[in-house]
Amino acid sequence: MTRSLQQFLRDYQAKRRICKNRLVTKDGHCNIEYGNVRYSSRFAYVLDFWTTFVEIRWRYIILFFVASFTISWFIFGLIWYWIGLNNGDMWWQNPPLDHKPCVYNVFGLTSAFLYSLETQMTIGYGLRVLSPFCPGAVALIVIQTIIGVLINCFWCGLVMAKIALPKKRAKTITFSKMAVICPKNGALCLQIRVANLRKTLMIGSQIYGKLLKTTITSEGETIILDQLNVDFMVDAGKDNLFFICPLTLYHVIDKTSPFFQLAVDTLLHQEFELVVFLDATDESTSSSCQVRTSYIPQEIKWGHRFLPIISRSKEGKYRVDFSNFARVEPIPTAHCAYCFYNGQGHHYPRNGIDNQGFEAIEIHDQVNATEM
């Protein structure tokens with residue numbers, strides 16, 4: 001029991017360190033901090049208040065929503081109270097019987113606040129009514145009505161904008177937690193899987209990757225987060241993917257690939273991060289969205305391949321089995337890209353002749369598969 005608890009704590013701490021060290025989390029959030037930002041630059045967030053409000057969390061939206069209405073009601077209630085006080089409408093001022101108030105039945109701060117609320121929200125209970133004897137009160141009710149409409153329009157538009165954010169559509173697009181390296185079509189490839197959990201298509205889908213690592217130039221300059229392009233494709237190409245079912249995307253590891261120097265025994269000792277992007281347009285809302293995820297060396301399995309997930313029933317219907325979406329099985333693979341292309345190491349040859357360096361074992365039972 002004690003050992004299992006200690007192992008659990010070690011695994012948890014290791015996961016925490018990995019999350020802190022990576023730039024992009026598995027769900028696409030960027031783990032970066034900005035320091036020494038000038039106050040003039042921070043003031044730009046206030047100038048661009050619409051984007052600031054759209055990006056803040058819902059709990060702050062609710063707080064500002066309640067505060068904006070409550071404060072506006074109270075401020076205009078004070079103004080109504082001041083108008084009635086100057087006109088002698090308060091009950092403690094003992095107005096005469098023939099007195100003409102600015103607002104009927106507004107004789108204190110509480111009744112002024114209630115009249116302000118009823119006016120701005122166009123409730124109109126009928127008990128408190130504006131009289132035509134005070135021009136200032138007539139002008140104030142016009143101003144408050146216009147301001148109330150503007151506040152309502154702002155919050156309605158903001159709530160709709162937050163609900164319709166493309167980030168929400170990105171929640172229904174998922175990547176495999178692990179990437180694999182295995183032979184495919186006579187080449188050594190790095191493969192990932194991506195799935196659209198909705199039946200509505202993503203139009204114009206394009207996927208690409210960026211390899212982030214620290215490099216040292218020939219001049220001795222150290223570049224942190226140096227970015228290298230990593231192209232992904234499917235068998236039909238890399239542009240305008242037909243994203244109707246989960247796709248297995250692959251990157252060919254050749255001499256032009258930044259992964260060409262990797263080997264199975266040096267992979268875990270490398271320090272890099274592969275960030276994968278998917279840009280697409282939703283068919284239903286026509287809104288563009290971007291989905292991101294990342295892979296570090298500990299999340300890349302060498303010598304494995306994904307299990308098939310698409311099948312066809314006897315009735316001719318296609319079926320996607322998501323239980324195999326993140327499952328892999330071992331496959332004989334060369335221990336480095338150089339060995340693969342030069343006929344060394346353990347991999348299946350392209351001419352179909354058995355390689356005598358290993359014994360090929362067919363895997364039929366999915367029990368031996370590994371879930372990532």
Task: Backbone of I83 reached by a side-chain donor or acceptor of N87 within 3.5 Å - done: no
Task: Donor-acceptor contact below 3.5 Å, side chain K301 vs main chain P330 - done: no
Task: Quiz item: cation-pi between K162 and F53, 6.0 Å / 45° - done: no
Open item on the list: Please identify which of these residues, V276, V234, V291, meets the side-chain contact (heavy atoms from CB on, under 4.5 Å) condition with I207.
Closed with: V276
Task: N/O donor-acceptor pair under 3.5 Å between T266 side chain and L262 backbone - done: no
Task: Verdict with supporting geometry, C182 and C189, disulfide bond (SG atoms under 2.5 Å apart) - done: CA-CA 6 Å; C182 63; C189 300; over 6 Å; no
Task: Mutual orientation of the aromatic rings belonging to W73 and F113 [parallel < 30°, tilted 30-60°, perpendicular > 60°] - done: perpendicular
Task: Straight-line distance of Q191 CD to I300 CD1, nearest 0.5 Å - done: 12.5 Å
- [ ] Specify the closest pair of heavy atoms between A161 and V54, including all atoms of both residues, with the distance to one decimal.
- [x] CB-CG2, 4.3 Å
Open item on the list: Between Y208 and D279, is there a side-chain donor-acceptor contact under 3.5 Å, judged purely by atom types and distance?
Closed with: yes
Open item on the list: Is it the case that the side chain of T52 and the backbone of D48 share a donor-acceptor pair, with hydrogens and angles ignored and the cut-off at 3.5 Å?
Closed with: yes
Task: D321 side chain vs S323 backbone, donor-acceptor pair below 3.5 Å - done: yes
Open item on the list: Closer than 3.5 angstrom, by distance alone: can the side chain of N196 be matched with the main-chain N or O of I173 as a donor-acceptor pair?
Closed with: no
Task: pair F69-M121: side-chain heavy atoms closer than 4.5 Å - done: yes
Open item on the list: Could you tell me if S68 and W155 have a donor-acceptor pair between their side chains, going purely by distance under 3.5 Å?
Closed with: yes
Open item on the list: I'd like to know if the side chain of Q93 reaches the main chain of L85, judged simply by a donor and an acceptor atom lying under 3.5 Å from each other, with no hydrogens or angles considered.
Closed with: yes
- [ ] Apply side chain to side chain donor-acceptor pair (under 3.5 Å) to T145 and Q120, showing your working.
- [x] CA-CA 6 Å; T145 302; Q120 187 166 325; over 6 Å; no
TODO: Keeping the roles fixed (side chain from E273, backbone from V24), state whether a donor-acceptor pair exists under 3.5 Å.
DONE: yes
Task: S294 side chain to K26 backbone, donor-acceptor under 3.5 Å - done: no
Task: Check: K210 side chain, Q227 main-chain N or O, donor-acceptor pair, under 3.5 Å - done: no
TODO: Please test N105 against Y115 for side chain to side chain donor-acceptor pair (under 3.5 Å), starting from the C-alpha separation and ending with a verdict.
DONE: CA-CA 9 Å; N105 295 318; Y115 179 71; over 6 Å; no
Open item on the list: Assess, by modelled atom type and distance only, whether the side chains of E271 and T214 contain a donor and an acceptor separated by less than 3.5 Å.
Closed with: no
Task: Counterpart residues, salt bridge (Lys or Arg N to Asp or Glu O under 4.0 Å), relative to R169 (two or more places apart) - done: D282
- [ ] Please determine, by modelled atom types, if S313 and R319 share a side-chain donor-acceptor pair under 3.5 angstrom.
- [x] no
